[in-house]
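I have placed the structure first, in the form of structure tokens, so that the comments after it can refer back to it.
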Protein chains: 2
Amino acid sequence: MSYQPLLDYIKKHVDLTPEEKAILLSKIIDRRYLKNQYIVQQGDICKTINFIIAGCTKMFYVDEEGQEHIIMFSVEDWWSSDLGSFITQTPADFNIQCLENTQLIQFSYDHLEVLYKEVPKLERLFRKITERAFVASQKRVVRNFSLSAKEQYVTFRNTYPKIEQRVPQYMIASYLGITKEFLSKIKSQLIQDQ
Amino acid sequence: MSYQPLLDYIKKHVDLTPEEKAILLSKIIDRRYLKNQYIVQQGDICKTINFIIAGCTKMFYVDEEGQEHIIMFSVEDWWSSDLGSFITQTPADFNIQCLENTQLIQFSYDHLEVLYKEVPKLERLFRKITERAFVASQKRVVRNFSLSAKEQYVTFRNTYPKIEQRVPQYMIASYLGITKEFLSKIKSQLIQDQ
DNA sequence: AATAAATGTTAATCTAGTTTAACATCATTT
DNA sequence: AAATGATGTTAAACTAGATTAACATTTATT
């Protein structure tokens with residue numbers, strides 16, 4: 001498997017020397033999952049941070065009534081982990097499941113701690129990654145607040161046009177926090193609006 | 001003004017040598033704001049990350065209809081900034097306004113970049129701070145999804161009992177994403193539930 | 001090709017939360 | 001003490017989105 005997508009991604013944030021790259025590459029694991037396999041399950045301790053080389057995942061939780069709620073999708077060049085579980089090494093609130101056959105690069109908790117010591121620049125990298133993740137999450141809170149379901153759907157479709165093609169509609173409804181029936185209604189309204 | 005609360009806070013995450021502490025203290029600014037003053041306004045570029053020594057702030061945005069939506073409150077030992085604006089140095093989406101007279105310690109963007117070079121441990125500190133902020137934000141998304149307004153209010157009251165005493169009810173309604181009238185209704189329901 | 005399973009749509013009824021508007025209480029200023 | 005502005009409550013009418021249930025379409029399996 002090629003590590004190039006990860007190295008390209010990293011280069012956007014920090015410059016690594018060839019030695020630092022070598023240390024990094026020695027500490028990561030590549031892994032393939034089949035469609036429907038779980039990378040993390042609710043209650044597990046999330047032991048890895050995962051960078052997606054190919055494929056697509058959903059992060060979701062199941063509430064007391066057995067209802068599934070999708071928090072995020074991740075595709076190529078994105079990260080996919082239960083960060084809360086990972087940083088505190090306590091049981092995960094979320095499941096991460098593959099929606100397609102998926103190739104990942106995994107940073108394990110223990111290896112990452114060593115990596116931070118051997119390549120301090122990686123603290124900077126993961127600081128920046130987390131900053132961006134935080135800002136994205138905060139934007140989602142804002143969207144939830146101020147947009148109707150219809151507006152949120154249109155925003156989602158415009159922001160992630162590729163994801164909409166790749167995953168079933170009922171999962172998009174779950175991501176938006178609405179029922180699949182109401183998403184259907186919204187879509188037929190949008191067609192009539194034209 | 002005492003820097004002790006900041007140093008105590010930092011000690012929970014990283015150990016600084018006396019020299020590192022000295023560098024840190026030389027690069028921070030302390031600032032007092034009066035009640036109702038703005039630390040950041042929507043459209044400004046957020047130039048500082050702020051640690052609260054005393055007081056209370058709200059972060060909010062104003063939508064096209066002029067409606068105010070509160071994203072978070074911050075009190076002593078918390079941070080208060082528009083991180084999205086700060087990290088990209090682009091115009092802020094949010095306002096931050098003091099709800100009481102407030103004392104802050106400010107890290108300016110330029111000083112922080114220098115600090116990261118002179119005291120690399122601070123990359124680690126801010127990575128950890130941001131990780132926690134991200135997890136908190138993600139939990140808020142989950143709450144929005146899975147709890148009714150009543151449940152969200154009870155959760156808020158249990159999680160931040162002190163904040164509820166300090167800020168007016170209509171701001172709590174705004175934080176919860178409901179109207180003040182509906183919060184009133186919820187509160188009278190809770191009294192009857194007993 | 002036939003069947004089953006998964007996904008998507010439509011429509012009727014229902015409910016959590018909004019809107020509007022009137023009134024009540026509390027705090028601040030004169 | 002009166003008056004003003006800020007905050008909080010109640011109730012009636014309304015709406016966005018949920019629920020239920022029946023049916024349609026697509027995909028996978030035999």
Side-chain angles (χ1 to χ4, degrees), chain A residues 34-37 56 58 60 62-70 73 97-101 141 143-157 163-194, chain B residues 34-37 56 58 60 62-70 73 97-101 141 143-157 163-194:
Chain A
L34 295 174
K35 181 172 177 176
N36 293 327
Q37 283 190 309
C56 179
K58 65 174 174 181
F60 66 99
V62 177
D63 67 21
E64 303 81 45
E65 283 103 49
Q67 281 285 320
E68 197 176 301
H69 300 272
I70 297 177
F73 298 108
Q97 190 180 13
C98 297
L99 299 177
E100 304 171 358
N101 293 342
V141 172
R143 261 180 273 130
N144 252 302
F145 255 28
S146 44
L147 301 184
S148 68
K150 193 175 184 174
E151 291 167 324
Q152 280 189 63
Y153 171 61
V154 171
T155 304
F156 174 79
R157 222 171 46 169
I163 292 182
E164 215 212 340
Q165 312 309 317
R166 280 168 87 164
V167 312
Q169 293 297 299
Y170 71 87
M171 290 191 191
I172 290 171
S174 170
Y175 175 83
L176 295 173
I178 61 177
T179 59
K180 64 191 199 308
E181 291 85 357
F182 191 51
L183 178 55
S184 247
K185 202 170 174 179
I186 287 170
K187 287 199 297 175
S188 71
Q189 278 174 14
L190 286 172
I191 289 165
Q192 286 180 338
D193 286 358
Q194 291 169 0
Chain B
L34 296 174
K35 183 173 175 174
N36 293 327
Q37 282 191 308
C56 181
K58 64 174 174 181
F60 66 100
V62 178
D63 67 21
E64 303 81 46
E65 284 102 50
Q67 280 286 319
E68 196 176 302
H69 300 271
I70 297 178
F73 298 107
Q97 190 180 13
C98 297
L99 300 176
E100 304 170 358
N101 293 341
V141 173
R143 262 181 273 128
N144 252 303
F145 254 28
S146 45
L147 301 184
S148 68
K150 194 176 186 173
E151 291 167 323
Q152 280 190 62
Y153 171 61
V154 171
T155 304
F156 175 78
R157 221 171 47 169
I163 292 181
E164 215 212 340
Q165 312 308 315
R166 279 168 89 163
V167 312
Q169 294 297 299
Y170 72 87
M171 290 191 191
I172 290 170
S174 169
Y175 175 82
L176 295 174
I178 60 177
T179 58
K180 62 190 201 309
E181 291 84 358
F182 191 51
L183 179 55
S184 248
K185 201 170 175 181
I186 287 171
K187 289 200 297 176
S188 71
Q189 279 175 13
L190 286 172
I191 289 165
Q192 289 180 337
D193 286 357
Q194 292 169 0

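Chain naming here is simple, since letters A, B, ... match the order of the sequence lines and numbering starts at 1 in each. As the structure is a prediction and not an experimental result, all values here were calculated from the model.
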Would you mind reading off the distance between [X] atom [atom1] and [N] atom [atom2], rounded to a whole angstrom?
X: B:Leu183; N: C:dG17; atom1: CG; atom2: C1'; value: 12 Å
X: A:Tyr170; N: C:dA5; atom1: OH; atom2: P; value: 16 Å
X: A:Lys187; N: D:dG17; atom1: NZ; atom2: P; value: 17 Å
X: A:Ile178; N: C:dG8; atom1: CD1; atom2: P; value: 13 Å
X: B:Leu176; N: C:dA16; atom1: CG; atom2: P; value: 17 Å
X: B:Leu147; N: C:dG17; atom1: CG; atom2: C1'; value: 15 Å
X: B:Gln152; N: C:dA16; atom1: CD; atom2: C1'; value: 12 Å
X: A:Lys185; N: D:dG17; atom1: NZ; atom2: P; value: 10 Å

Shortest non-hydrogen separation from B:Asn101 to B:Leu34 and the atoms involved: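 Residues B:Asn101 and B:Leu34, closest heavy atoms: OD1-CA, 3.4 Å.
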So, is [X] near the phosphate of [N], with a side-chain N or O under 4.0 Å from OP1 or OP2?
X: B:Ser148; N: C:dA16; answer: no
X: A:Lys150; N: D:dA16; answer: no
X: B:Lys180; N: D:dT7; answer: no

5' priority, DNA chain D, between A:Ala149 and B:Pro168 [closest heavy atom]: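 Closer to the 5' end of DNA chain D: B:Pro168.
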How long is the gap from CZ on A:Phe73 to CZ on A:Arg166, to the nearest 0.5 Å?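 Here the rounded value is 11.0 Å.
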Given the rule in the side-chain contact (heavy atoms from CB on, under 4.5 Å) test, do B:Tyr153 and B:Lys150 qualify, once you have shown the distances and angles that lead to the verdict? CA-CA 5 Å; B:Tyr153 171 61; B:Lys150 194 176 186 173; 5.8 Å; no
Could you go through A:Gln152 and A:Tyr175, starting from their C-alpha distance and side-chain angles, then the distance that decides it, and tell me whether this counts as side chain to side chain donor-acceptor pair (under 3.5 Å)? CA-CA 10 Å; A:Gln152 280 189 63; A:Tyr175 175 83; over 6 Å; no
Counting only side-chain heavy atoms from C-beta out, which of C:dT18, D:dT19, D:dT9 sits nearest to B:Glu181?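 Nearest listed nucleotide: D:dT9.
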